[in-house]
Colleague: 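Please find one structure pasted underneath; my questions will follow.
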Amino acid sequence: MAIKTFNEIMEEVKGKPILVANRGIPARRICRSIRERFDAVAVMTATDIDKTSPAASAAQELLLLGSDPRAYLDIDRIISLAKKRGVVAIHPGWGFASEDHKFPTRCAEEGIIFIGSTAESMNLLGNKVQVRALAQKLGVPVVPGSDGSVDIPTARKFCEEIGFPIMLKAEGGGGGRGIFLIKNQDELESAFVKASTMAQASFGNPRLYIEKFLASARHIEIQVISDKYGNVFAFDERDCSIQRNHQKLVEITPSPSELITPELRARLKEYSRSLVTAVGYDSLATVEFLVTPDGEPYLIEVNTRLQVEHGITEVRYGVDLVEEQIAVAFGAELRLKEEKFPPSQMAMQLRINCEDPQDDFAPNCGVVSRYISPGGPGIRIDSNLSAGYDFPSNYDSAGALLISYGRGWKKVLGTMERALNEYSIGGLKTTIPFFKQVIRHPKFRQGDFDTNFIGNTPELLCYTDLAPEAERISKLIAEISAKGTNPYVQLGEYRSKDTPRVGEFNPVMPAINNATLKAAPAYPQGDRKALLDFVRDTDYVHFCDTTPRDITQSNSGNRFRLAEDKLIGPYLDNCGFFSIENGGGAHFHVAMLANMTYPFTEAKEWNQFAPKTLKQILIRSTNVLGYKPQPQNLMRATGEMICDHYDVIRCFDFLNHVENMRPFAEVALNRKEVVFEPAISLSWAKGFDVKHYLQVTEAILAMVADVAGVSTKKASEMIILGLKDMAGVCPPRFMTELITAIRKQWPSLVTHYHRHYTDGLFVPTVGAAAKAGAHIVDTGMGAAVRWYGQGEVLSTAAYIEEELGLKTNLNKDMIRECNFVLKQVMPYYDKYTAPFFQGIDHDVVHHAMPGGATSSSQEGALKQGYIHLLPYMLKFLAGTRQVVRYHDVTPGSQITWNTAFLAVTNAYKRGGEEEVRYLLEVLEHVTKYEEKDLSEEMKEARLAIYQDSNDAFRDLLLGKFGKLPLGFPADWVYQSAFGAEWKQAINQRTEVSPLSTLEDINLAAEESDFINQIRRKPTDEEFVMFLNHPADALKTVRFKRDFGNPNNIPLDVWFEGLETGRELHFVDDNAKPHSMTILHVSEPAKDGKCVVRYVLDSDIMSYDVQVATPQEEESAGSEKADPNNPLHVAAPSNGDLWVMYVNPGDVVKKGEELFNVSIMKQEKAVLCPADAMVKRVLKTADYKETKMMVPVKEGDLLIELGPIPRRCSNEACQKPLSIEGMAYCHFCGEKLEA
Amino acid sequence: MHTCFVLHDQLPDITLKTTPEELATAHAGWSTLADKEWSESCLDDLAVFRSELPHFSSDIHICGECSSTLDVARALTERNLLCEWDSILGLRQKSGRGQLRRAWNSPEGNIYAALRLPMTGFFANELGALVMGFLLADALQQLGYNARIKWPNDILVDSKKIGGILLEERGGVLTAGIGINLHSHPPQEDLRTEWAVPAGCLCKNEQTLPILQVWQTLVDHMHFCYNAQVVQYTTEKLISSVEKQLAWLGREVWIHGSDLVNRSGKLMGISQDGGLRIRQQDGEKVIHSGSISLRP
């Protein structure tokens, strides 16, 4: 035949329809080439599902195939439709029927050009067994194995010869499917049967052949193209070694490995050319080899079609393979000549599949909510994705093919990494984050990988699939706005969508003048000795500000956020405070529980926006920042992190058990820049007098001296002694006495006084303390001072200066500015986080419930319906404190409260108020009179006092928290609390610190646990958070992953959400500004979800929020019975079907029980309404076997009955004949009447 | 005047025949049968022994060993021999059943009863099981036992399970199967799961309780309480009365076998449709199926 040129083909083909019998990515690719130079009409097949797919846009016409998703395999139908359309050529793409030899045969019969291999070549080259024979003839090395298909005995023989492991492969298979790895003879037989069956089902050919398994091999393939005239072009190799389950994921040309030398490359090309020439091949083909680590190549198979990874070869050479393939199919001479078309670029392709790599690459389908594809130099994309596309479940998971190219491997890597970061596919899980891990992996970058790379590198699956932070924050804002409340802040439903708002938060922030900002810090930093000397030498009273911690912990539910800290922090920094208390206590925990903030990151930021003032933290001796005693290694880890961010560390123990403070002291005293402040918990009661507290002070100094290896006098110069009146009960005269005594005995000891406002005597008592010589006092900003925290700074300072004649050194103007800003912040917190019960309670001097616990405990009593018993509980508190004596700070205060609550409520349950009153009388009596003056009756009655106490109280009595400050209580308390086991309890009790018996925590196991939950390694901070509060730390880590940093949301939006139509401006953690406007919030649908549509920067997005419980369950799809149809048997009401007795085909009698439904623990039998045959059973259950019940709704159709069919007339048979119009009974063969 | 019948005939596959003497010697609890006057008679086509039940408002049928008293009840109902508030007592059951056909261990000495209930009022809707539990717990309290309802239909006395109730509805007839441990209870090993409430029985030490009389007293109380009070209750009043007798109110409980499986929450009460209100960290939920325990 005359050799045609490309131009002649173009003339021939112009305007003619060429069909692509495929879908998705390959169809789009091919249609593009059809339209470009040829200017032919690109026709694409499309089933109903694919009619509107993004790929379909590349075609000019669609050849509609109807509703059956598998229609792409129906060659005959496609060809007949094509013929009708007048199609001149068909391109099969890859997959589907592209390697079915019937396709080219049928096309030839119909006079349509098949753009691909001939049937003969498919059978020769495409058949795994045939090509092996050919290769061996041509001297092309093949993988050792059987030369043809085998049966089991032959297989066994081969395995013995070539040795295990071997691969069992399907002769008709391809694309990595139908391959089984067999390791030994035992596996062979069962695997053989399985493989053969699978091969028959998948490829229509059950024959198998064997190949030796080559370990650590690289998959190297050569693309060739040849024309009808014997011209062949062999391209540089493609390295497709990165595979998973024999599916290629990454393809690179040329191979980045040094293993593929120019000599080997030439060899492989020569082999490939010889193979295609030998069969007279005239289209595209790919010859695939495995190359062992010693550089030996072995042929695996030849693919006689266009391949998924053809693009990288096109990019490397700057050619269009599809265009060439079409031209060649029409008889053009190959334009590509190896000498004229040298390769220049290096290229890599990643298969962006809609799969979740972390879920074993499970395919994903669903709506693509956001689609931003990468671009710029060096990027090529072939995709079947767009925003809004509902990715179907019926086909493969290929979403897009992403190619990066450039001169050199490093450029290709860099370009790909950049492109992956730009690529944003929302709404589906994709392989993008997985590939980011691959690209980063050093072995990959070095080109050092083989086909086992993915299997051997599990850390590739450890990543977090993160959308950009602004997008995540916008989802959070959408959720809060749709619900009207913020569920994450853990305040219940404190408002709804319709509650009037406090309004937009736009605080006026007075500028701080430069001089102030630039002024040096008021106190020495980073040097404990210098700091303490300074405090000793100055003659004014020093102030510590507790606004960011204790004040807001006590009065604003601990919900004061870092975002608002940032607003007031710069002012606080310039007020001349000794320190700012900005961390610890319950705040550490609640930061994670409700503010979704990393507490140490918070501390770090404090040191950035308020760098000049010392930072102070409160920790508990045994628990540090957690809720139970910490073992040494955990305490050390937490302690070091604390010392990294805080300057003054106040440590307290509710029993003043000094040994409990020792382990932490060891950490803190070791850091010269940190000041350790052991604090004495103060109560004002019998036994807790000045003498007692002086002994405690001595014990503290002795312990510090021991740890630091110095004298007690020196020790007194190294620390600050804290005096902590948690409940605010010690009156002025007592503080005067105490502090005077302390100052007298240890003149160099710096004292720091902390008191709560609850009893109303804050100012005079703090004043007295200062007058008696306390160096530092705790106060707070007036705008935030309420009932339960500290008192206010300016008034305290005024009292100290004007009434007591002392000096202070505060920047009062700055305090005023700070108050002005804080005043604008507080209304939100007051409205949403204020405690239920408020107000000053002078009775606290009797019942001693501390600060924040006062309101929450009493609120608890109210909510449980015991508000009327509250006065009794308070009386109980006053009494029990005199029996079991310790200090009411955490956790002591909880224990006391619970003991009171349980005692009073249980007494009430036993005998009403009378019983309660009697109980309290007994308690009062017991505290008033000496043991020797008590009657026998009283001694018996008092045993009731602690009979209802809980484990925590008993643990306290056993000494498990530490040594009780005034010793163990009387024996009768044990009798009361432990009942019959009281003697053992007394024997068991200990005065040793609970820390001494704790075993170190297994840090490696904990880290493993974290990785399992979050799928990546924790940062150091996350790890300490996790060790202290595992559940809430995980909650915060997940929150951050899902929603970003909530401190980027302004205060009003955090509590109230965003009104529709208001434009919100916010910044993300990279200080990039964003804007968000909610366009519409729909009404909740039946499933309880509403859709929030909003604009984020320049994208329109939508987000579903669950605002109500679904009204109907997912069985909205259940078929309903027709109430008028007597053959319909329905569920009698809403309940659970737990047993279905019949099956379709059963003949049932009237009154027989068909099934049973459990309705609120009542079992209802549903009986058959008439003699009939069961036609359909829609739901079935068998609780006894499966332990599962099927929920049903009233009216759901469960059984459809049908008329009883006639029976076979043969008496011996009589079986029901379910099919109409049968001439013979198909059970017994009897002839039936018509 | 109502009657106590002892079934002398056998109902195939359901019950064997028996006599009052046989019953009286089968267990100490039945010995009081010997003190009554019996005469032979017929009920429909069934041979029976009969004795008067003075001051009692319904009939009681006693049978020997049966598959389950619920089956006996169904057989008698089909013959129109069982009216509302009539009941069956069985000596022992071969296939005593609880919820969902679980086994109910039934050796002689305990109460295995089937009580036919009306199909009106609260018994016509889903609150039937709760009402039954309430009536039974109330009746036991009248007898001096510290009885509580473990939702939805177990009876606890002194925190041990001494009874269970199963409501079966079939063909427009509602029957309550009631098992009460009088003299014996299954050993802990036989209980369903690790978290099941430990079993107990009403008898203290070696005392003997007269089975028939105890049952009579209970039915008497339940019937009276229902007709005099419960039948006039609003749903709110019923729910609140049930709540007063609810075991573990306010305590942390673990939930099994519903979609809150293996979660815990605080038991807050009963909802208006008879479900159990549980409070968890993220709010209050109502469950309608599954069971609860104090331990996970």
Side-chain angles (χ1 to χ4, degrees), chain A residues 485 487-488 490-493 593-594 860-861 863-866 901-902 905-906 909-910 1031-1032 1035 1106 1108-1109 1113-1114 1132-1139 1141 1150-1169 1181-1191 1194, chain B residues 70 74 78 97-103 117 123-133 151-154 164-177 243 249-251 256-259 261 266 268-271 273-276 279 281-291:
Chain A
T485 63
Y488 302 98
Q490 302 281 337
L491 288 169
E493 278 198 25
L593 173 93
K863 293 236 166 93
Q864 293 182 65
Y866 290 120
F901 184 87
L902 290 166
T905 49
N906 280 300
K909 283 188 206 160
R910 280 193 298 272
D1032 288 315
K1035 192 154 82 140
Q1106 187 84 44
T1109 46
E1113 283 163 20
E1114 299 310 300
S1133 55
N1134 295 358
D1136 295 301
L1137 174 72
W1138 61 273
V1139 62
Y1141 289 113
K1150 177 171 176 175
E1152 188 177 314
E1153 187 172 340
L1154 294 173
F1155 54 85
N1156 200 305
V1157 179
S1158 170
I1159 303 158
M1160 268 300 301
K1161 300 304 180 173
Q1162 198 166 302
E1163 293 175 11
K1164 187 163 172 63
V1166 174
L1167 311 176
C1168 186
D1182 186 1
Y1183 184 81
K1184 264 195 116 130
E1185 288 304 311
T1186 65
K1187 295 282 170 282
M1188 297 215 305
M1189 296 196 267
V1190 175
E1194 190 175 330
Chain B
L70 283 164
R74 176 144 68 94
E78 276 162 12
R97 57 176 177 267
Q99 298 271 79
L100 307 172
R101 302 290 188 268
R102 295 182 193 124
L117 296 172
F123 288 117
N125 60 27
E126 67 268 14
L127 296 177
L130 272 186
V131 173
M132 205 54 235
W151 185 89
N153 57 354
D154 286 349
I165 304 171
L166 170 66
L167 253 55
E168 286 196 342
E169 194 216 317
R170 192 187 168 93
V173 175
L174 183 65
T175 317
E243 279 183 341
L249 191 58
R251 289 176 77 164
H256 309 264
S258 72
D259 53 348
V261 67
K266 198 186 280 257
M268 300 307 291
I270 311 267
S271 64
D273 63 346
L276 192 67
R279 171 149 55 182
Q281 251 201 350
D282 48 347
E284 197 178 283
K285 308 237 168 60
V286 179
I287 59 169
H288 295 93
S289 61
S291 42

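Just so we're clear, the structure is a prediction, and the values are computed from it rather than from any experiment.
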Colleague: What's the separation between atom CD in B:E168 and atom NZ in A:K1164, rounded to the nearest 0.5 Å?
Modeller: 11.5 Å
Colleague: Within the distance-only criterion (no hydrogens, no angle test), does the side chain of A:E1163 pair as donor or acceptor with the backbone N or O of B:L100 below 3.5 angstrom?
Modeller: yes
Colleague: Can you tell me how far the CG atom of A:D1136 sits from the NE2 atom of B:H288, to the nearest 0.5 Å?
Modeller: 10.5 Å
Colleague: Tell me every residue that passes side chain to side chain donor-acceptor pair (under 3.5 Å) with A:D1032, counting only those two or more places apart in sequence or in another chain.
Modeller: A:H589
Colleague: Of the backbone (N, CA, C, O) and the side chain (C-beta and beyond), which part of A:E493 lies under 4.5 Å from a heavy atom of chain B, both, or neither?
Modeller: neither
Colleague: Side chains of B:R101 and A:W1138, heavy atoms from C-beta outward: is any pair under 4.5 Å?
Modeller: yes
Colleague: Name all residues meeting the side chain to side chain donor-acceptor pair (under 3.5 Å) criterion together with A:S1133; count only those two or more places apart in sequence or in a different chain, and write none if there are none.
Modeller: none
